Amino acid sequence: MNYWLMKSEPDVFSFDDLKKRPKKTEPWNGVRNYQARNFMRDEMQVGDHILFYHSSCEVPGVYGIAKVGSKPYPDSTQFDPKSEYYDSKSTQDNPRWFLVDVTYEMDLDHHVSLEELKKHKKLEEMRLLQRGNRLSILPVTREEFDYIKKLGLS
DNA sequence: GCCAACGTTGGC
DNA sequence: GCCAACGTTGGC
């Protein structure tokens, strides 16, 4: 079992949006970074737990808990010329981009802001908090995951 | 294979 | 809107 942090801009797709989806599930399309893709394609397993993080917004931070809802499969938007995620170098036989479904798991009592995360010594080695990090999908340790979840419950 | 130019991310 | 960090592209 692995643990992850996945970023989303809430103006585009928020944790609330995920809850409102049919089956509370959303294909995580549009990732066009190889490292992030590799995490989804090679390392994620159904049932892995996810910290759902809002970025590029007024209060960046963790807003809920989700889980991996499917095995990896090709991101259909890469084949669609009308999609902003279209990739002309991808073919059905040799897709370049893979995704997993993300499924709602549980609410937190309150969000845990980036500012809050930075205050905790136990979290100072989190990849999210390392300088220059821009990956939209990051592994977290079980300890980090549990600690942050606890911060969001009270 | 190097590296300059360019584009994107994301906090502030 | 700024800008640091870093990934990607493409000429050579």
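Labels below follow one simple rule: chain letters A, B, ... track the order of the sequence lines, proteins then strands, and each chain is numbered from 1. Predicted model, so just to flag it, every value in this text is computed and none were measured.
For A/Y53, the side-chain atoms get nearest to B/dG11 when compared with the rest of C/dG7, C/dT8, B/dG11. Distance from the side chain of A/S56 is smallest for B/dG10 among the nucleotides C/dG7, B/dG10, B/dC12. Among B/dG10, C/dG7, B/dG11, the nucleotide with an atom closest to any side-chain atom of A/K118 is B/dG11.
The six-membered or imidazole ring of A/F15 lies near that of A/Y104, with a centre-to-centre distance under 6.0 Å.
Remark: A/H120 pairs with A/E116, A/L123, A/Y147, A/L151 by the side-chain contact (heavy atoms from CB on, under 4.5 Å) rule, at least two apart or across chains.
The backbone N or O of A/S70 lies less than 3.5 Å from no partner atom in the side chain of A/D101, so there is not a single donor-acceptor pair.
One interatomic measurement links the two molecules: CD of A/E9 to C1' of B/dT8, which rounds to 11 Å at whole-angstrom precision. One can place CZ of A/R127 at 17 Å from C1' of B/dG10, the figure rounded to the nearest angstrom. In this structure, CD of A/E115 is placed 12 Å from C1' of B/dG11, rounded to the nearest angstrom. If you take CD of A/E84 and P of B/dG7, they are 17 Å apart, rounded to a whole angstrom.
For the side chain to side chain contact (heavy atoms under 4.5 Å, CB included) criterion with A/D75, the lone passing option out of A/L99, A/D87, A/V31 is A/L99.
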- side chain to side chain donor-acceptor pair (under 3.5 Å) evaluation trace for A/H54 with A/S14: CA-CA 7 Å; A/H54 287 180; A/S14 69; 5.0 Å; no
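Of the side-chain N and O atoms in A/K7, one or more sit less than 4.0 angstrom from OP1 or OP2 of B/dG10.
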Just the atom pairs and distances: protein N or O near nucleotides 3-5 of chain C's N or O, under 3.5 Å.
from	atom 1	to	atom 2	distance (Å)
C/dA5	OP1	A/R131	NH1	2.9
C/dA5	N3	A/R134	NH1	3.3

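In this structure, A/Y34 shares a hydrophobic cluster with A/W97, the cluster being traced through Ile, Leu, Val, Met, Phe, Trp and Tyr side chains under 4.5 angstrom apart.
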